[in-house]
Amino acid sequence: MDFLTLFIIYTVFVLGSFIMVMNCSGREQFLQSCVNNLSKITACVLPVKLRCTACRMFNKVLYTRNPFFLVLHIVLEVVVYGEYTGELYGYCLEMEFTVLSLSIPYVLLMVKMIFFVMCCVKDPGTVTKSSQGFPLYSYDGVIYQEGIKCATCNLIKPARSKHCRLCNRCIHRFDHHCVWVNNCIGAVNMRYFLLYMLTLCAMAGDLAMLAVAFLQQLVLKSNLMQGSYIGEDGEPHPVDISFTIQHLFLTFPRVVFMLGFLIVVFLLLAGYLCFHLYLVLVNETSNEWFKKRQWNVIQSKHLKHKHKSAKCKSNYHRGVLGNIKEIFKPLTDVEKKHV
């Protein structure tokens, strides 16, 4: 695999991960704005037909339900584990890493695949004619108004539900539509999504730590830091961090690329996971979090004194333990609870 291929894969994944982070309710305007700005920038360079085709492809990928990112997710995972198995695993064995420590990424991969499949195939909590008659949550009168009918589904929208235009259905406790699992995240499958994100973070973190440990052992056993090199001035210089990184990159380019790849992925996923864990603790969805921010901004603009402006607060907080329980044991129509 050459440097160009590695660079392309790295760039695609970083952009894709960024899209994943931005791919929650209320971010469509941001993505569309980026597309419009990019179209203006390329207007004087690319032909009109090519730009129109690119825009259509972009809209189809992001604004219609399709398996593009799901397949991309699997392909990138195969590339990373292929590199780990084909190169890093053997080097680590030669340096006497334990088989147990080297097997942990495979265990995490199997566990992650279970939650990944559950996120993909599990019904997130589709609103039906029967479920609309038993509201699980009360209407707060701000974000959720009583008696509002979905124009597409022709059903009364329960509180905390939202119509997903990609899946073309209303979802109970709608959080966001995740392109990486090609499904909505709602009341029923939120628990699987959190566990999927957790194991995905653990995978990236564990693989990154193994790559760091390998490179560290390589430097220590070769006594690289004790040596010197001839600089551009023709004088010998002691080996420093910059030279060590360049040496490792030239000696093991794919391992270093994989390490940088995993660090970026881990940071993005960890930040996204922490955000969702915060929402779990306060019993909010990302859809509600964004809409409340919008409502608060509008209210502050209409009132003269911002410190006196009314804040839209959550009406669904049931205590930390109650909020966590609601995620892992979601309310169902059979319970007929009104909280």
Side-chain angles (χ1 to χ4, degrees), residues 17 20-21 23-26 65 69-70 73-74 77 107-128 131 134-138 144 158-164 166-167 169-206 265-266 268-290 314-339:
S17 300
M20 179 189 71
V21 173
N23 184 54
C24 57
S25 178
R65 193 180 184 192
F69 282 98
L70 190 149
H73 169 282
I74 296 174
E77 215 163 61
V107 176
L108 290 173
L109 176 63
M110 289 187 290
V111 176
K112 191 268 326 179
M113 284 304 298
I114 294 173
F115 297 128
F116 173 69
V117 172
M118 294 298 287
C119 285
C120 294
V121 303
K122 193 75 174 179
D123 187 337
T126 304
V127 177
T128 61
S131 65
F134 300 111
L136 306 178
Y137 300 96
S138 60
Y144 305 109
R160 309 195 78 181
S161 68
K162 184 179 183 297
H163 182 83
C164 176
L166 277 74
C167 296
R169 55 184 174 177
C170 287
I171 305 296
H172 278 294
R173 202 181 184 281
F174 178 87
D175 191 271
H176 69 286
H177 180 93
C178 181
V179 295
W180 293 98
V181 299
N182 198 30
N183 197 7
C184 286
I185 305 302
V188 179
N189 65 351
M190 172 56 78
R191 49 188 165 171
Y192 304 121
F193 177 74
L194 292 174
L195 293 171
Y196 158 67
M197 291 291 296
L198 181 63
T199 51
L200 199 57
C201 282
M203 278 172 47
D206 189 51
V265 171
F266 176 79
L268 287 171
L269 292 176
Y272 194 58
L273 176 62
C274 288
F275 171 66
H276 273 282
L277 290 177
Y278 161 75
L279 294 178
V280 169
L281 295 179
V282 299
N283 205 333
E284 284 187 6
T285 65
S286 58
N287 175 53
E288 293 165 352
W289 179 84
F290 183 77
S314 175
N315 294 332
Y316 309 111
H317 185 65
R318 305 170 60 198
V320 173
L321 293 179
N323 295 338
I324 295 174
K325 180 182 177 182
E326 187 175 309
I327 293 297
F328 289 92
K329 188 182 178 183
L331 300 179
T332 62
D333 301 332
V334 177
E335 293 174 325
K336 300 181 183 180
K337 291 184 178 179
H338 191 73
V339 296

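All residue numbers refer to positions in the sequence shown, counting from 1. Keep in mind it's a predicted model, so treat the numbers as computed, not measured.
The aromatic ring centroids of F193 and H176 lie less than 6.0 Å from each other. In summary, the aromatic rings of H276 and Y272 are positioned with their centroids under 6.0 Å apart. Aromatic ring centres of W289 and Y278 lie farther apart than the 6.0 Å criterion allows.
L273 contributes atom CG, which lies 9.5 Å from atom OG1 of T199 (distance to the nearest 0.5 angstrom). Summarising the geometry, atom CZ belonging to R173 is positioned 11.0 Å from atom CG belonging to N287; distances are rounded to the nearest 0.5 Å. Residue N183 holds its CG atom at 6.0 Å from CD1 of I185, rounded to the nearest 0.5 Å. Here the straight-line distance linking atom CG of L269 with atom CE of M203 works out to 9.5 Å at 0.5 Å rounding. The structure places CG of L281 at 10.0 Å from CG of L321, a figure rounded to the nearest 0.5 Å. Between R169 atom CZ and T128 atom OG1 the span is 12.0 Å, to the nearest 0.5 Å.
Considering all non-hydrogen atoms of both residues, S161 and Y144 come closest at O-CE2, 3.8 Å. Contact detail for P124 and C184: the closest heavy-atom pair is CB-O, 3.4 Å. Nearest heavy atoms, A204 versus V265: CB-CG1, 4.3 Å. Scanning all heavy atoms of the two residues, the minimum distance from G125 to V188 falls at CA-CG2, 3.9 Å.
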For residues 114-122, run the donor-acceptor check on the side chains, cut-off 3.5 Å, and write out each pair with its distance to 0.1 Å, sequence neighbours left out.
none

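Residues satisfying the side chain to side chain donor-acceptor pair (under 3.5 Å) test with N189, not counting sequence neighbours, are none. For N323, the side chain to side chain contact (heavy atoms under 4.5 Å, CB included) partners at least two apart in sequence or on another chain are N283, H317, R318. Not counting sequence neighbours, Y192 has no partner by the side chain to side chain donor-acceptor pair (under 3.5 Å) test.
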message = Applying side-chain contact (heavy atoms from CB on, under 4.5 Å) to T126 and I171, what does each step give before you reach the verdict?
response = CA-CA 5 Å; T126 304; I171 305 296; 4.2 Å; yes

query = Is there a side-chain contact (heavy atoms from CB on, under 4.5 Å) between Y196 and K112 once you walk through the steps?
reply = CA-CA 6 Å; Y196 158 67; K112 191 268 326 179; 3.6 Å; yes

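Between the side chain of D175 and the main chain of T285, no donor-acceptor pair closer than 3.5 Å is present.
Residue pairs meeting the salt bridge (charged side-chain N to carboxylate O under 4.0 Å, His left out) criterion with at least one member in residues 182-199: none, sequence neighbours excluded.
Using a 4.5 Å cut-off on side-chain heavy atoms (C-beta onward), E77 and L109 make contact.
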